[in-house]
Structures are given as C-alpha cells and as structure tokens.
There are 2 protein chains.
Amino acid sequence: MNHDPSAVLRHRGIRLSAHRLAVARFVLYTRSHPSVDNVWNAVQKDFPMISQATVYNTLNLFVDAGLLQRILVGERRVVYDPDLTPHHHLIDEDTGVVHDIPWQAFEIPSIESVEGFEVTNCQVVMRGRKKKVTP
Amino acid sequence: MNHDPSAVLRHRGIRLSAHRLAVARFVLYTRSHPSVDNVWNAVQKDFPMISQATVYNTLNLFVDAGLLQRILVGERRVVYDPDLTPHHHLIDEDTGVVHDIPWQAFEIPSIESVEGFEVTNCQVVMRGRKKKVTP
DNA sequence: GTTCGTGCAAACGGTTTGCAACAAT
DNA sequence: ATTGTTGCAAACCGTTTGCACGAAC
C-alpha cells in the first residue's frame, strides 16, 4: 500500500490540489468508514473553507478512479472505504460503527457464477449489536 | 401463506380501506420486487386517484406490521418484498430486475454470532449480468 | 364527536449541477 | 488561451409531513 497520497493521485491521472490532497490524506488511509460529512469535518480542520460540493466531487472522483469503495450501509447512509479487497461489513446498531468482516468468515462458493449470472459485485451488510459477556 | 388480503390486514390490526386492500392485493403476493412507483402504477389501474403519499404511507404501514421487507438494492432504489424468509438478492445490472437467491446458495456459518456480535439482520446484495451461453 | 384515511402541496435531506471566478498549465 | 478546480446556490429526487376534509367507528 502506497502511503504517499500525491503519488497515488498522480498515478491515477488525477491532478493535484490542496483540497484533493487533504481529502486523500484522510480518506485513503482511514479504517473508520467515514461518511461524506465525516470527511468534510476532518478536512475542514486544515481547510476551513472547503465546500461540501468539493468533498462530494472529490469523493466521486476517487471512486471513479478506483481508489475508494462506496458502501451503502443504510437507507440514507453512504460510507467510503479505501479497502478494495473483498470483505463484508457489520454495522453496530447501537453505535452506527461499521466493522470489517473478513471475506473468509463466510464460505461463499462459486461467487462468480450464480444461476447463470456473472456476479460483478457482492455486498454483504449485516446489522447487530455487541453481545453481553456472561461473567 | 394466506391469500386473503383482508384477513391478513385485519390479523395485524390494520383497518381496511379500498386503497389499502388494493395495495395489499398487489404487493403482498408479487414476486417482482416492486418499487414504490411500481406499486403506485399497479394500484392506479384500479384506483386512478390514489396519491403517492398514500402508497408510501401504506407500504410503511405494511413494513411496520411485519408484512413486507424493504430491500435497499441501490443508491436511490428501494424495493419491497413480501417474502420474509431469509434469502439473498441478485440485481441484473442490465435490466434492473431483482432475483431471489436461496439462502442455502451460500454457506454462512454461525450467522448469529460474528466476532462477539449478535447479528440481527443480514442482507446480501449481488450485482451481475446474464452470462452469454456458449453455443 | 372522535378517530382515522386520504390528497395535496410543502418540506426535508442527501446529492448533483450550472455558473462565475479563479488557478494551473 | 485553454483547461481544470472551487464555492455558492439552485436544482434534483425520493421520501415524509402538515393540513384540511371526509369517512368510519
């Protein structure tokens, strides 16, 4: 994994700007599954004048460039994930926190081929709450 | 499965009305995974004056009553499914059609318990396109 | 007569877009 | 000079809500 955001963006043919770098520095290396608002707030610490529109546009740019994954974790809740390797997601219904679940947690046989379909994408979204530990 | 919508609604304590019955007759027995608009169009054939708001309210009522499942099949795409038994969904990226995939298609071990969580819900949404048949 | 269903239009919230200004090439 | 990035506000789209009316209880 490349930890130099400038190089990453340039490698995808994305022109650099201070705002884009700031967004990249946050969103490409976080494991917190941030929403657009999370990204906006984080970047605002360095660039108080950045607009929501720019954050939206930049995130879309990164998704289109294959740097980010959009994950639909709820009715009106989209979250971004820089981890593009196949994995699942578990949403804590109490806190809203999104957890990564390793792909191997489930045995999904013949995922590329289900009933005559070529599966291009598979999103498993689970919801649950932390179990009480019996003492 | 009860094929008398009046009885189904009454059993859930939902008061009957012509509009509700019309919505129920369509949405509780279809396998087409209709969107709100699909339901609206279908019911309009019998009740041309029914409003979108009533369709929305009625569908929400049915979901809350446990008669329907809301399925998030895309960014701005919600469909309704009267099949409440656990199963997965596969969306044809070319046609938008939603297919049911039997729960047993995947071996999902210990679904109730993943990494200290009690899983209450699990939605698997796949996207793909029909494979060309090699002749 | 109180409750509940309905239609209408307005409000809502997340996202996109058109435009003008400006920066980079 | 041309192209690309940004902020702003308006538009957009699916959904919800407030209100007034009328029907059901």
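Any value given below was found using the heavy atoms of this structure, including those in side chains, with hydrogens, waters and symmetry copies removed. Values in this document were obtained by computation on a predicted structure and should not be read as measured data. So that the names make sense, note that chain A is the first sequence line, chain B the second, and so on, each numbered from 1.
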Under 4.5 Å side-chain linkage, directly or through intermediates, the cluster mates of B/L21: none

Residues clustering with B/V73 (ILVMFWY side chains joined when closer than 4.5 Å, directly or via others): B/I71, B/V79, B/I91, B/V98, B/V125

Heavy-atom check, side chain of B/V55 versus side chain of B/V43, under 4.5 Å: no

Set of residues satisfying ring-ring contact (aromatic ring centres under 6.0 Å, His included) with respect to A/F47, sequence neighbours excluded: A/H19

For B/H87, all residues meeting ring-ring contact (aromatic ring centres under 6.0 Å, His included), sequence neighbours excluded: B/H89

Check: A/S35/A/D37 side-chain N/O donor and acceptor closer than 3.5 Å: no

Interatomic distance where CZ belongs to B/R76 and P belongs to D/dG14 [whole Å]: 8 Å

Most 5' of B/A18 and A/R70 on DNA chain C, judged by nearest nucleotide: B/A18

For A/R70, salt bridge (charged side-chain N to carboxylate O under 4.0 Å, His left out) partners two or more places apart: B/E75

Distance, rounded to the nearest Å, where B/L59 contributes CG and D/dT16 contributes P: 10 Å

For B/H99, all residues meeting ring-ring contact (aromatic ring centres under 6.0 Å, His included), sequence neighbours excluded: A/F117

Nearest-angstrom distance from the residue atom CH2 of A/W40 to P of D/dT6: 15 Å

Touch class at under 4.0 angstrom, heavy-atom based, for A/D37 against every strand present: nothing

Strand-adjacent residues in residues 41-53 of chain B, judged by heavy atoms under 4.0 Å from DNA chain C: B/M49, B/I50, B/S51, B/A53

Exercise: identify the closest heavy-atom pair between B/G128 and B/L90: N-CD1, 3.9 Å

Pairs involving residues 7-32 of chain B, ordered by first then second residue, that meet salt bridge (charged side-chain N to carboxylate O under 4.0 Å, His left out) (sequence neighbours left out): none

Name of the residue among A/K130, A/K131, A/R129 meeting salt bridge (charged side-chain N to carboxylate O under 4.0 Å, His left out) with A/D94: A/R129

Ring center gap for A/H33 and A/Y80 short of 6.0 angstrom: no

Show each protein N/O and nucleotides 19-21 of chain D N/O combination with a separation under 3.5 Å, one pair to a line.
none

Start and end of the DNA chain C segment that chain A contacts, any atom under 4.0 Å from a heavy atom: C/dG14 to C/dT25

Dump the pairs, protein N or O against N or O of nucleotides 3-5 of chain D, anything under 3.5 Å, distances to one decimal.
from  : atom 1 : to    : atom 2 : distance (Å)
D/dG4 : O4'    : A/R15 : NH1    : 3.4
D/dT5 : OP1    : A/R20 : NH1    : 2.4
D/dT5 : OP1    : A/R20 : NH2    : 3.3
D/dT5 : OP2    : A/R20 : NH2    : 3.3
D/dT5 : O5'    : A/R20 : NH2    : 3.3

side-chain hydrogen bond (donor to acceptor under 3.5 Å, both in side chains) contacts touching residues 41-59 of chain A (sequence neighbours left out): A/S51-A/T54

